[in-house]
Amino acid sequence: MYDLVIRRAHLVDDTLIDIAIQDGRIAALGEVAGAGRQEVDLKGEHYVSAGWIDSHVHCYPKSPIYHDEPDSVGIATGVTTVVDAGSTGADDVDTFYQITRSATTDVYALLNISRVGLIAQNELADMSHIDGDAVREAVKRYPDFIVGLKARMSSSVVGENGITPLQRAKAIQKENGDLPLMVHIGNNPPNLDEIADLLTSGDIITHCYNGKPNRILTPSGELRASVSRAIQRGVRLDVGHGSASLSFAVARQAIAMGILPHTISSDIYCKNRINGPVYSLAAVMSKFLAVGLSLPQVIDCVTCHAAQGLRLDDKGSLEIGKAADLTIFELRRQPTVMLDAENDALQADEQLVALAAVRAGKWFTTEQGKAEHVFDL
Ligand SMILES: [Zn+2]
């Protein structure tokens, strides 16, 4: 007997399947004959995908500026895995790791190359905070928790240091087994061309569709040559919506030119979760449906692409033997006006609504699912 069987789940390719779960892993897929101790019949009415992965969040509760609780940005909204993007550096990662052990959401960290992390806005303004030995020791202590590195390369963060922190980040990356490096882009200096030219295959540009002058599109609306070359080399694009880093106009124009995001992420923390414009990963995904991506494209950005980009090999697809992390959701016809980080509005006809999640084989109804009494579990 299986622990849990989910029946007649609707996949985004419009097939219906049963999913059987045993010991926290996917045990059978397709038409499942055996019974489960717990069974949920979705009657083809609800979608299921591999558990959603948010590649860029801030959920170190002790950060004085960008803080939240892992489960508030994770399982409560149907997101089974979150990757904290640089809230902590080597100094605080031990405390952060301990806090995340009691979360239901699976939490990973991109370690800030600045040992102080996000205790202030300008963690890379003092080069003495970039301590390669401290990074190496932290990665050694938490090889299964630290999945990459984070460098925030905008003028307010680096102060007078220009491109130098990124040169250090690339050297530190080499010393640590070529971990994925996520680079935040924003206002210059440093100029985006200088940043893009330093990035190599597997590196991630977050805030890829920001609307600031130092963005990926030139004033005449073409893709910067440096960014085009970076993408050719295998550099990945991550949305990282956040409070200041998504422009519908830039996203729409880039996507129309075939510059698609590899991953859709929220850059969520308590303020932009509660007051907007982020609200939740589902809300950010809905914006990308409205901008012109298909439902399968949007789901790939928070499942297989996210798992691939951050080397979470156990996650991101519905396959026998993989972690039993699932998200159960609906696509509702619900006309809504949505805002980007530039306060520009977009009329959307459909909204993604996460109703429940399965995390390591256990069922959790989301806040929304509970409020609507969709499942009696
Ligand atoms: Zn961020």
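Order of listing sets the numbers, starting from 1, for every ligand and every atom in it. When reading the values below, keep in mind they use all heavy atoms of this one structure, side chains included, and skip hydrogens, waters and symmetry mates.
Side-chain polar atoms of Gln167 and Lys170 form no donor-acceptor pair below 3.5 angstrom. Side chains of His262 and Asp238: no donor on one and acceptor on the other come within 3.5 Å. Judged by distance alone, the side chains of Lys287 and His241 do bring a donor and an acceptor atom under 3.5 Å apart. Under the 3.5 Å distance criterion, with hydrogens and angles disregarded, a donor-acceptor pair is assigned to the side chains of Thr15 and Asp13.
Only protein N, O or S atoms were scored, and 3 of them lie under 2.8 Å from the Zn ion (ligand 1).
Taking the centre of each ring, His207 and His56 come in below the 6.0 Å mark.
In this structure, Asp92 does not pair ionically with Lys62, as no charged nitrogen and carboxylate oxygen lie closer than 4.0 Å.
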